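Step one of this worksheet: look at the structure below.
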Amino acid sequence: MTQYEQLADEIHALIRSGSLRVGDKLPSVRLCSERRKISQSTVFQAYYLLESRGVIQARSRSGYYVLPRLQEPLQGPDTSRPSLTSHTVAINDLVVEILNLSRRKDVVPLGSAFPDPALFPLDRLARCMGTALRRLPPHKLIEDLTTGHLRLRQQIAQRYAVDGARAEVDEIVITNGAMDALNLSLQAVTSPGDLVLLEAPTFYAPLQAIERLKLRALQLPTSASEGVDLAALESALASGEAKACWFMPNFQNPLGALMPEHRKQALAALLARYQVPLIEDDVYGDLYAGAHKPRPIKAFDPEGWVIHCASFSKTLAPGYRVGWVAAGRWTRAVERLKVMSSLSASVPPQAALSDYLAQGGYDLHLRRLRQTLALQRDVMIDAIAESFPAGARVTRPQGGYFLWLELAPHIDALALMRQALQAGVSLMPGQLFSADQRFAHCIRLNFAAAPAHDITRATHVLGGLVRGMAAG
């Protein structure tokens with residue numbers, strides 16, 4: 001990245017964040033040159049680049065000023081229309097191939113499933129781990145191995161109560177991240193050959209789990225604004241074939257969809273009527289952009305048909321691999337499966353997280369993280385509007401950190417991914433998010449995976465590649 005591109009991206013980020021507002025005058029070329037200790041020609045190049053993006057304008061004998069945004073609002077994707085037939089799943093090889101390709105350290109990781117680690121209080125967590133282990137009595141290292149650290153489970157139960165959902169301490173099982181919780185839950189409520197209902201598109205992890213357990217998948221129409229189609233869900237439940245559902249109602253991956261509260265209530269009622277369990281993947285629930293945290297479907301489930309799974313990996317401690325499941329009537333089944341698979345989640349990370357929560361810093365950290373994510377969401381959406389061809393459709397999620405883009409039908413997301421990797425940017429192609437590898441013209445982008453100026457630059461790179469493919 002050249003000096004002038006870096007300067008242009010930094011100024012552009014200030015404009016998007018509101019630090020530089022419409023009509024504000026930028027520092028003079030001479031002053032910027034002196035402060036940055038760069039040549040005036042470098043500053044001119046940066047200002048020319050910003051002019052070409054349509055965000056600033058030169059005024060004769062006066063300087064450069066911030067312009068109003070001129071982009072037309074981007075439209076959101078249509079409701080998905082999957083084939084309403086069940087599928088056996090064979091996607092794991094493709095997922096592993098793409099994840100391996102995307103792990104290069106020299107790329108901007110817009111295809112990542114995690115936020116930038118710099119957004120987390122890792123130093124403080126490390127201190128908490130040291131303190132917690134010094135205080136931990138030796139017998140505690142083997143006590144509650146299967147269910148998990150008692151104090152941490154108590155703290156999680158308290159957070160459920162605040163959120164308006166009931167989860168007793170004894171039904172909470174600490175797991176090796178949310179994926180362990182979700183997989184154990186699916187295994188507890190199904191047998192090989194059973195049918196599982198999913199959203200379309202859906203995160204690739206449930207597809208991998210269904211493939212591993214030799215289950216069948218039926219994907220249901222899903223809207224980026226309202227979540228899974230309840231009429232299609234009721235029709236599938238009424239057939240009597242479905243043995244479980246696996247949905248993500250809060251900031252669904254990859255759409256970012258937030259299901260409205262009245263639809264969550266209706267969904268919980270359907271589950272109770274047909275007595276089909278829901279595995280609720282709620283790893284993004286704390287990453288809301290609005291004033292209030294959305295409640296999980298579990299909050300509307302008095303009869304206990306919802307198995308709620310979450311973790312600290314997306315909000316506080318990536319790499320610590322501490323998740324949990326509030327398994328309700330399936331608690332003993334989940335515990336038995338955990339004994340047979342991993343026995344226990346690692347004790348030191350549990351102790352560290354419990355110590356951190358006890359100090360009271362988690363909610364302050366979450367507020368700061370949510371502010372950063374909302375800003376970076378807008379940064380990426382602006383960059384898409386500036387650089388992608390007309391007709392691209394993109395979600396504007398109210399939380400989480402993913403955008404879902406629908407491109408022209410002839411754009412192959414796998415081909416785009418390979419071109420992007422050569423240009424130093426990763427993405428997730430749409431083929432990974434369905435049982436039959438549809439959504440081939442769609443991509444998922446992570447707007448929290450890098451600093452704002454890198455997000456802008458990488459998004460412009462992708463926009464240029466898409467324009468080239470569209471023209472070809």
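These figures come from a predicted structure and were not determined experimentally. Values below: every heavy atom of this structure, side chains too, minus hydrogens, waters and symmetry copies. For reference, positions follow the sequence shown, starting with 1.
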Evaluate the side chain to side chain contact (heavy atoms under 4.5 Å, CB included) criterion for residues W324 and L152: first the C-alpha distance (whole Å), next the side-chain angles of each, then the deciding distance (0.1 Å), finally the verdict. CA-CA 10 Å; W324 68 90; L152 182 59; over 6 Å; no
Give the minimum heavy-atom separation between [X] and [Y], together with the two atoms involved.
X: A217; Y: I210; value: CB-CD1, 4.0 Å
X: L50; Y: A8; value: CD2-O, 3.4 Å
X: A113; Y: N446; value: C-ND2, 4.1 Å
X: D180; Y: S342; value: OD2-OG, 4.0 Å
X: E168; Y: R166; value: OE2-NE, 2.8 Å
X: P277; Y: W330; value: CB-CH2, 3.6 Å

Can you list the steps and then say if T315 with Y362 is a side chain to side chain donor-acceptor pair (under 3.5 Å)? CA-CA 9 Å; T315 60; Y362 186 41; 2.8 Å; yes
Determine whether [X] and [Y] make a side-chain contact, defined as any pair of heavy atoms from C-beta on separated by less than 4.5 Å.
X: L403; Y: F447; answer: yes
X: Y47; Y: L26; answer: yes
X: Q57; Y: Y65; answer: no
X: P318; Y: F312; answer: no
X: C442; Y: L407; answer: no
X: L278; Y: D301; answer: no
X: Q431; Y: I98; answer: no
X: P115; Y: F120; answer: yes

Does [X] use its side chain to pair, donor to acceptor, with the backbone of [Y] at less than 3.5 Å?
X: E386; Y: T456; result: no
X: K314; Y: D286; result: no
X: T459; Y: I455; result: yes
X: T190; Y: L186; result: yes
X: Q350; Y: S346; result: yes
X: T131; Y: R127; result: yes
X: E199; Y: M248; result: yes
X: N183; Y: M179; result: yes
X: R377; Y: P397; result: yes
X: T331; Y: G328; result: yes

Salt-bridge test for D163 and R295: reply yes if a basic N is under 4.0 Å from a carboxylate O, no otherwise. no
May I ask you to decide whether R332 forms a salt bridge with E335, counting only side-chain N to carboxylate O separations under 4.0 Å? yes
Decide side chain to side chain contact (heavy atoms under 4.5 Å, CB included) for L125 and L353; before the verdict, give the C-alpha distance in whole Å, the side-chain angles of both, and the deciding distance to 0.1 Å. CA-CA 7 Å; L125 283 170; L353 289 170; 3.9 Å; yes
Output the distance between atom [atom1] ([X]) and atom [atom2] ([Y]), rounded to the nearest 0.5 Å.
X: R367; Y: L369; atom1: CZ; atom2: CG; result: 12.0 Å
X: T222; Y: F247; atom1: OG1; atom2: CZ; result: 7.5 Å
X: E226; Y: M259; atom1: CD; atom2: CE; result: 8.5 Å
X: I56; Y: L20; atom1: CD1; atom2: CG; result: 10.0 Å
X: L445; Y: I443; atom1: CG; atom2: CD1; result: 4.0 Å
X: C309; Y: L182; atom1: SG; atom2: CG; result: 4.0 Å

For L267 and L233: C-alpha separation, side-chain torsions, deciding distance, then whether side chain to side chain contact (heavy atoms under 4.5 Å, CB included) applies. CA-CA 9 Å; L267 196 157; L233 171 62; 3.8 Å; yes
Under 3.5 Å, is there a donor on one side chain and an acceptor on the other for Q219 and T202? no
Would E5 and H460 count as having a side-chain donor-acceptor pair, cut-off 3.5 Å? no
In terms of heavy-atom contacts, does CD of E10 have more than 12 from other residues, nucleotides or ligands at under 6.0 Å? yes
Is it the case that over 12 heavy atoms from other parts of the model lie below 6.0 angstrom from the CZ atom of R263? yes
Face-on cation placement of [X] at [Y] ring, 6.0 Å and 45° thresholds:
X: R393; Y: W404; value: no
X: R467; Y: F388; value: no
X: R59; Y: Y64; value: no

Quick one, M129 with Y320, criterion side chain to side chain contact (heavy atoms under 4.5 Å, CB included). Give me CA distance, side-chain angles, the key distance, then yes/no. CA-CA 11 Å; M129 184 176 291; Y320 277 47; 3.7 Å; yes
The single option from R153, K298, R329 that satisfies salt bridge (charged side-chain N to carboxylate O under 4.0 Å, His left out) with E171 is K298
Starting from the C-alpha separation in whole Å, work towards a yes-or-no answer on side chain to side chain donor-acceptor pair (under 3.5 Å) for N250 and K264. CA-CA 10 Å; N250 291 332; K264 291 177 180 175; 2.6 Å; yes
How about [X] and [Y]: are their ring centroids closer than 6.0 Å?
X: F433; Y: F439; answer: no
X: Y401; Y: Y284; answer: yes
X: H308; Y: Y160; answer: yes

Worked check of side chain to side chain donor-acceptor pair (under 3.5 Å) between R124 and Q359: CA-CA 11 Å; R124 186 173 170 190; Q359 293 179 18; 2.9 Å; yes
List the steps, then state whether side chain to side chain donor-acceptor pair (under 3.5 Å) holds for S313 with R321. CA-CA 6 Å; S313 296; R321 306 305 303 150; 3.3 Å; yes
